[in-house]
There are 2 protein chains.
Amino acid sequence: MKTVYERADIIPLLAETFRELGYEGATLSRITERTGIGKGSLYHFFPGGKEEMAGAVLADIDAWFEQAIYRPLRDDDAHQAIAAMWVNVNDYFRGGGRICLVGAFALDDTRERFSEAIGDYFIRWTEALRSALMRAGCAEKKAQTLAEEGVCGIQGALVLSRALRDGAVFTRALETLANRLEAAT
Amino acid sequence: MKTVYERADIIPLLAETFRELGYEGATLSRITERTGIGKGSLYHFFPGGKEEMAGAVLADIDAWFEQAIYRPLRDDDAHQAIAAMWVNVNDYFRGGGRICLVGAFALDDTRERFSEAIGDYFIRWTEALRSALMRAGCAEKKAQTLAEEGVCGIQGALVLSRALRDGAVFTRALETLANRLEAAT
DNA sequence: TCCCCACTGTACCTATCGGTACAATGTTAT
DNA sequence: ATAACATTGTACCGATAGGTACAGTGGGGA
């Protein structure tokens, strides 16, 4: 008996490991220990090692946000897309029980390794949200401010709810933000 | 010639190193390299090693926030203290060029090592801010929401401005938050 | 059926990890 | 002046870091 993986199966496991331990904290031995995947398989799928693993995770996250959040914000009905964003974000971050890996990477030196992916993630999020807010009737300047406020608020709520070990803080913050953006459109 | 340090001189240097590299990323050799302080001195002042160093840094941060932010929010004129908070916070975080070490520690496994200090930092900040907001005329429920919103907003703005390498995002977010809390009192 | 090759586990590599030991240095109190 | 002591740099420790080499395994196409 031998368990055989595909690259696509491995990425979510890697993602959780990096989320919990950070880039530097996620050592190869801890990765194999938590995912159950041996070094042999890991280096078979990611010859570039840890850096390629984390890069693949970031690309996977980006793809998910693109289809679930950014694209609807840009293309669909603005009010609906914004409303859906709060639901999907709360779901994705497990009501504050899961952090944003991109935000975490941005905070320390890890940023230098993945500078482009990290910048893109936040630029595209704020721009998509601003686009939706403008279609919903906001002036450009106000839409920009509100979009940044929304994204900041989400990231900050993740920090705070983790620090306090209280997912309710996250859900509550999302509600407050949702009301605020709703009131402005 | 021999350079002689005191514990109090070392802590700020350690703080910057942990801020830039994170707890796991701050290896002993990188610490000595960046601070210019050798292992001998480091272990003389902090026999508990890296963990004691980071603990001392957190205690130092706590003391600074206590006297510069929390105490005024609790004891001084509410409007003045809140206004001073924005100025001091912008200054402390160097207009988004410096991160919040406590928030960064909260995001990964490092939280488990410093759980109490991390929780305290955010609880005391939100409670002090809520106290000031209530003295400024807010109802308790609204004050609680606004206080959480303020602290979340600051943390999120630090993440976003670092991700985008744009300190203006931070300063702008502080202004928006200041206006919002001002309008509610 | 059997062969090929994608996939896996194990053993091993060097560099660096956090930490210790200790002799040398210089400052201070007497 | 000198004894006592706080502070420092250097050499060293076992453990673990990220990464490589490679032989074995087993499922799918011919």
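Chain letters run A, B, ... following the sequence lines, proteins first, then strands; residues in each count from 1. The analysis underlying the following values was restricted to heavy atoms, covering all of them including side chains, and did not include hydrogens, waters or symmetry mates.
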Task: Nearest-nucleotide pick for Val4(A), side chain only, options being dG19(D), dT8(C), dT20(C) - done: dT8(C)

- [ ] For the residue pair Tyr121(B) and Phe65(B), categorise the inter-ring angle as parallel (less than 30°), tilted (30 to 60°) or perpendicular (more than 60°).
- [x] perpendicular

TODO: State, yes or no, whether a side-chain contact exists between Arg111(B) and Phe114(B) at a heavy-atom distance under 4.5 Å.
DONE: no

Task: Ser41(B) vs dT8(D): side-chain N/O to OP1/OP2 distance below 4.0 Å - done: yes

TODO: Quick one: list whatever passes ring-ring contact (aromatic ring centres under 6.0 Å, His included) with Tyr43(B), sequence neighbours left out.
DONE: none

Open item on the list: Is there a path of hydrophobic side-chain contacts, each under 4.5 Å between heavy atoms, that joins Met134(A) and Leu73(A)?
Closed with: no

- [ ] Could you tell me whether Tyr5(B) contacts a base, only the sugar-phosphate backbone, or nothing, with contacts defined as non-hydrogen atoms closer than 4.0 Å?
- [x] sugar-phosphate

Task: Set of ring-ring contact (aromatic ring centres under 6.0 Å, His included) partners for Phe18(B), sequence neighbours left out - done: Tyr23(B)

TODO: Report yes if the side chains of Leu160(A) and Gln155(B) come closer than 4.5 Å at any heavy-atom pair, otherwise no.
DONE: no

Task: Check: Arg74(A) side chain, Glu127(A) main-chain N or O, donor-acceptor pair, under 3.5 Å - done: no

Task: Between dA6(D) (P) and Arg7(B) (CZ): distance, integer Å - done: 16 Å

Open item on the list: Testing the 3.5 Å rule here: is there a donor-acceptor pair between the side chains of Ser161(A) and Arg172(A)?
Closed with: no

Open item on the list: Please determine whether the number of non-hydrogen atoms from other residues, nucleotides or ligands lying under 6.0 Å from atom CD of Glu116(A) exceeds 12.
Closed with: no

Task: Proximity to DNA chain D (any heavy atom under 4.0 Å), residues of residues 11-21 of chain A only - done: none

TODO: Check each residue of residues 44-55 of chain A for a non-hydrogen atom within less than 4.0 Å of any atom in DNA chain D, then write out the ones that pass by number, or none.
DONE: Gly49(A), Lys50(A)

- [ ] Rounding to 10 degrees, work out the angle separating the end axes of the helix from dT1(C)-dA30(D) to dT30(C)-dA1(D) (five pairs an end).
- [x] 10°

TODO: Evaluate the ring planes of Trp125(B) and Phe122(B), with Trp represented by its six-membered ring, and classify them as parallel (under 30°), tilted (30 to 60°) or perpendicular (over 60°).
DONE: parallel

- [ ] Round to a whole Å and report the spacing from CG of Leu42(A) to P of dG19(D).
- [x] 11 Å

Task: Residue from Asp120(A), Val57(A), Asp62(A), Leu58(A) passing side chain to side chain contact (heavy atoms under 4.5 Å, CB included) with Val102(A) - done: Leu58(A)

- [ ] Let me know the distance between OH of Tyr43(B) and P of dC13(D), rounded to the nearest Å.
- [x] 17 Å

Open item on the list: Between Glu16(B) and Arg19(B), does any NZ, NE, NH1 or NH2 come within less than 4.0 Å of an OD or OE carboxylate oxygen?
Closed with: yes

Open item on the list: Could you tell me if Gln144(A) and Glu148(A) have a donor-acceptor pair between their side chains, going purely by distance under 3.5 Å?
Closed with: yes

- [ ] Could you check which residues of residues 22-39 of chain A get a heavy atom under 4.0 Å from DNA chain C? Sort them by number, please.
- [x] Gly38(A)

